[in-house]
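Data first, discussion second: the structure below is written as structure tokens.
Remember, it's 1-based here, ligands and their atoms both numbered in the order they're listed.
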Amino acid sequence: MPQSILRPSKDKPMPQTDFGFTRIPEEEKTSRVGEIFRRVAPRYDLMNDLMSAGAHRLWKRQFVASLKPRAGERFLDLAGGTGDITKLIRATLQKPSPLEGEGRVRGLNEPTGAEGAPPILLTDINPAMLLAGRDRLIDANDTSGIAWACVNAESIPFPDMSFDAVTIAFGIRNVTDIPKALSEIRRVLKPGGRFFCLEFSRVTQPLLAKAYDSYSMNIIPKIGEVVAKDRASYQYLVESIRRFPDQERFAQMLRDAGFANVAYENLSFGVVAIHKGWRV
Ligand SMILES: C[S@@+](CC[C@H](N)C(=O)[O-])C[C@H]1O[C@@H](n2cnc3c(N)ncnc32)[C@H](O)[C@@H]1O
């Protein structure tokens with residue numbers, strides 16, 4: 001009698017995926033990534049500044065400037081971590097628009113949608129990351145316009161066509177099933193809504209690429225070891241950057257998920273890239 005009849009499940013190969021440079025069963029990735037971000041949460045913001053010499057702040061500013069948030073829109077920030085993108089969107093909405101006259105500031109203090117929900121929903125799969133950012137905002141009495149929720153980008157618990165814009169910054173490469181997340185993102189966008197993704201990508205200048213490669217593979221894990229006492233987590237972070245698809249391949253994944261007008265722009269010679277797609 002064939003083995004497959006005796007032990008059907010044992011004979012089936014388990015689907016595998018990348019966890020940095022290691023191959024692991026797909027079903028383990030979400031919890032292993034979760035463990036990494038639980039560990040890095042307390043020092044996440046400090047480590048970002050150290051590892052990128054502050055460049056992540058400029059990239060995030062450029063990302064939100066390119067998103068062009070407008071008053072009255074609803075935003076979903078996925079894998080939002082400690083809330084940098086959410087705070088920048090809010091800051092943009094707080095700026096008085098020259099079109100609004102008499103210095104009136106629309107967008108934050110006026111409810112959007114029938115339920116009057118805050119316009120920006122900051123979400124992450126990992127409560128430790130969300131809480132690290134939320135505590136700071138609560139301590140500063142600075143929570144206006146923001147709501148929080150634990151959300152897995154692969155199964156977004158909101159109805160179809162709920163948001164004008166969905167963002168994800170430095171988050172998509174950590175997601176186990178990226179096509180599933182992209183399909184979910186498109187589903188929750190309103191027609192005409194936009195998806196903006198900021199992620200590490202491929203450096204386009206060969207000399208710079210070499211220097212960057214050496215820096216990220218040798219120095220970043222060392223900074224993790226010395227500052228956060230956690231070399232392994234930062235080793236994963238740099239390896240996951242290497243494994244993430246380049247600009248063109250990721251753009252194609254957006255098209256395959258049904259996004260229209262897909263485009264990308266490189267920042268810092270492709271160290272990071274902003275990908276954009278629309279639901280039409
Ligand atoms: C590098 S941090 C980025 C945080 C923030 N967006 C920023 O730019 O500073 C990556 C985040 O992705 C989150 N993440 C990983 N897998 C996720 C998933 N399946 N759904 C939602 N968030 C996820 C992690 O918990 C972590 O907070």
*Is the backbone of Ala209 close enough, under 3.5 Å, to the side chain of Arg202 for a donor and an acceptor to pair up by distance?*
no
What is the nearest protein non-hydrogen atom to [atom], stated with its residue, atom name and distance?
{"atom": "atom 21 (C) of ligand 1", "value": "Val151 O, 3.3 Å"}
{"atom": "atom 12 (O) of ligand 1", "value": "Ala79 CB, 3.3 Å"}
{"atom": "atom 25 (O) of ligand 1", "value": "Asp124 OD1, 2.6 Å"}
{"atom": "atom 23 (C) of ligand 1", "value": "Ile125 CG2, 3.4 Å"}
{"atom": "atom 10 (C) of ligand 1", "value": "Phe170 O, 3.3 Å"}

_Val175 to ligand 1, any heavy atom closer than 4.0 Å_ = yes
*Measure the distances from the heavy atoms of Lys60 to every atom of ligand 1 and state whether one is below 4.0 angstrom.*
yes
*Cluster question for you: counting only ILVMFWY and a side-chain heavy-atom cut-off of under 4.5 Å, with indirect links fine, are Val272 and Ile85 together?*
yes
*Kindly work out whether a path of hydrophobic side-chain contacts (I/L/V/M/F/W/Y, heavy atoms less than 4.5 Å apart) joins Leu182 to Leu198.*
no
_To the nearest 0.5 Å, what is the distance between CD on Glu199 and OG on Ser240?_
7.5 Å
*Decide if atom CG of Asn141 counts as having more than 12 heavy atoms of other residues, nucleotides or ligands within a radius under 6.0 Å.*
no
So which of [options] gets nearest to [atom], if we judge by its closest heavy atom?
{"atom": "atom 3 (C) of ligand 1", "options": "Phe200, Tyr44, Phe37", "value": "Tyr44"}
{"atom": "atom 15 (C) of ligand 1", "options": "Asp177, Asn174, Asn152", "value": "Asn174"}
{"atom": "atom 20 (N) of ligand 1", "options": "Ala153, Ala181, Ala169, Gly34", "value": "Ala153"}

_Quick check on contacts: which atoms of ligand 1 are under 4.0 angstrom from a heavy atom of Met129?_
27 (O)
*For Asn126, counting its heavy atoms only, list the atoms of ligand 1 lying under 4.0 Å from any of them.*
25 (O)
*asked:* Taking salt bridge (charged side-chain N to carboxylate O under 4.0 Å, His left out) as the cut-off, I'd like each qualifying pair that reaches into residues 250-273, sequence neighbours left out, listed once.
replied: Glu265-Lys276
*Using a 4.5 Å cut-off on heavy atoms from C-beta on, say whether the side chain of Trp148 contacts that of Thr143.*
yes
*Cut-off 3.5 Å, side chains only: do Glu248 and Gln252 have a donor facing an acceptor?*
no
